[in-house]
Amino acid sequence: MGEIMNSAKYIGLIGLLTLVTSVEAHAQSDPSPLPAASQRDDDPLAGISLSLDVAEEESKTNVSIAGYFTKPSLDQMAIPGRRTAMGWKLGLEVPIGGSDDVLDSATLDKLGDGTKLSGSITLLSYSADPTRIDRPPFKKLMEQAKAKCLAEKEPDAAASTCDSVGPSPDYIRKHNPSARLAMNRALYGSYWTAGLKGSVSLKRFTWVTSGTLAENTASPSGYSATLWGVYYPSDAVSAWKLEAEYSSAPKQSDPEIICKTVVANPNIDCVSASANAPIRKDALVLRGEYRRFFPFGGGDGGIGMALTGSIDTLTGDYGIEVPVFLSIPGTSVVAPGLKFGYSSKDDDFGVSLFIKTSFSF
């Protein structure tokens, strides 16, 4: 038909942008997102995202909306060459229970236990080369898919049922799904994103004065600035990320038993509370992350994971986080997952459940 068929799928894993694009003719189209598994700011996708993280100590919900400042037109996509796009994202994170989350310690996120407002911009750079679909590597995969199709036919079945009208990624997915990654490498090139994010946290702090048990309150804000870069190899199922974050946020001291000067009834004259006003602490955190998506053999779903290591260069504290999610085949907009985290400062290991859904306009 010579017509560009718009069929692109992105599956995000804690920022993993997994391209499993379908190109029916001779060009790649503008991507539109399907379910992502967790909110990350380097996803160059437009739309609304909603996620819920459930942990033993704290649960939280994330809502974000994203769009483009600039993006290539479909006419540009049909012309070989490097393309750039710039997007924006606004997010709101609200805790919905508990006091603190060990998984925030796993990523050394100092703003993690309060309401957080954030805004970010992302630059995407990639090369469009619609001629890849006519080159020998892709044609060889087409031949292999047809050979498998013929081998699976009954002896009296018409061989014409295995014919394809032109080069077709869907044909390869149907008849030789194990060649999906090889097909990605034949069709797509690597690309990268870079971005800048600013966040402000809002939280009400309370502490008790020893001797009188007078309650004090304050609402100092925290803030952070983050710079990141992500490289996406041509396999379209993995990514490497580096990130640097500076933050300054108030930190509440741990609760302790505080009593009046004269104790007549310990149940009344003593309380468990923080004895001091929050103290502002700075952090400069470096993070490295590897993401990988493992697609199911014959469907669109799969299992994704990420390994994130973080270190605070000012204190030496470090943390490790490993989220794992399931992308369900079909039209489901829900991607459930588990997050495992460890913090050296707390010497604690934690597990939480997250449920992610997203859609675009």
Side-chain angles (χ1 to χ4, degrees), residues 9-20 33-45 47-64 66 89 91-98 100-109 112-113 116 118 180 228 230 232 235-241 243 287-297 299-310 319-343 348-360:
K9 295 183 179 180
Y10 281 81
I11 299 176
L13 163 66
I14 315 306
L16 169 56
L17 189 60
T18 303
L19 178 62
V20 284
L34 280 180
S38 187
Q39 174 169 314
R40 295 291 281 192
D41 298 276
D42 54 273
D43 294 353
L45 303 179
I48 294 176
S49 176
L50 172 66
S51 67
L52 175 65
D53 290 271
V54 181
E56 180 181 358
E57 302 260 346
E58 180 190 71
S59 298
K60 66 184 71 173
T61 183
N62 297 280
V63 181
S64 67
K89 186 174 186 178
L92 172 65
E93 179 180 296
V94 181
I96 55 178
D100 200 4
D101 186 356
V102 69
L103 292 183
D104 289 328
S105 299
T107 55
L108 306 185
D109 184 358
D113 58 353
K116 184 192 300 184
S118 62
R180 173 176 296 199
W228 74 82
V230 188
Y232 299 88
D235 60 13
V237 293
S238 63
W240 297 87
K241 180 178 182 180
E243 180 178 272
R287 297 188 184 97
E289 184 176 326
Y290 174 69
R291 312 166 187 167
R292 177 78 186 200
F293 184 74
F294 301 91
F296 295 145
D300 293 331
I303 296 175
M305 57 78 66
L307 174 62
T308 302
S310 307
I320 299 173
E321 184 185 71
V322 184
V324 181
F325 82 99
L326 172 65
S327 177
I328 303 172
T331 58
S332 173
V333 296
V334 176
L338 290 173
K339 286 195 294 187
F340 305 89
Y342 173 78
S343 167
D348 201 358
F349 174 82
V351 181
S352 73
L353 169 71
F354 66 85
I355 302 173
K356 173 74 175 185
T357 182
S358 64
F359 57 92
S360 64

What are the two closest non-hydrogen atoms of L353 and G337, and how far apart are they? CD1-O, 3.1 Å

Reported OH-to-NZ distance for the pair Y232 and K241, which is rounded to 0.5 angstrom: 7.5 Å

In Å and rounded to the nearest 0.5 Å, what is the OG to CG distance from S352 to L338? 7.5 Å

Nearest-0.5 Å distance that lies between atom CZ in F293 and atom CG in D235: 12.5 Å

Can you tell if the side chain of T308 reaches within under 4.5 Å of the side chain of V322, non-hydrogen atoms only? no

Can you confirm if the NZ or CZ of R292 lies within 45° of the ring axis of F294 and under 6.0 Å from the centre of its six-membered ring? yes

May I ask you to decide if the ring planes of Y290 and W240 are parallel, tilted or perpendicular, using 30° and 60° as cut-offs? tilted

Inspect the contact between E289 and R291 and indicate whether a charged nitrogen and a carboxylate oxygen are less than 4.0 angstrom apart. yes

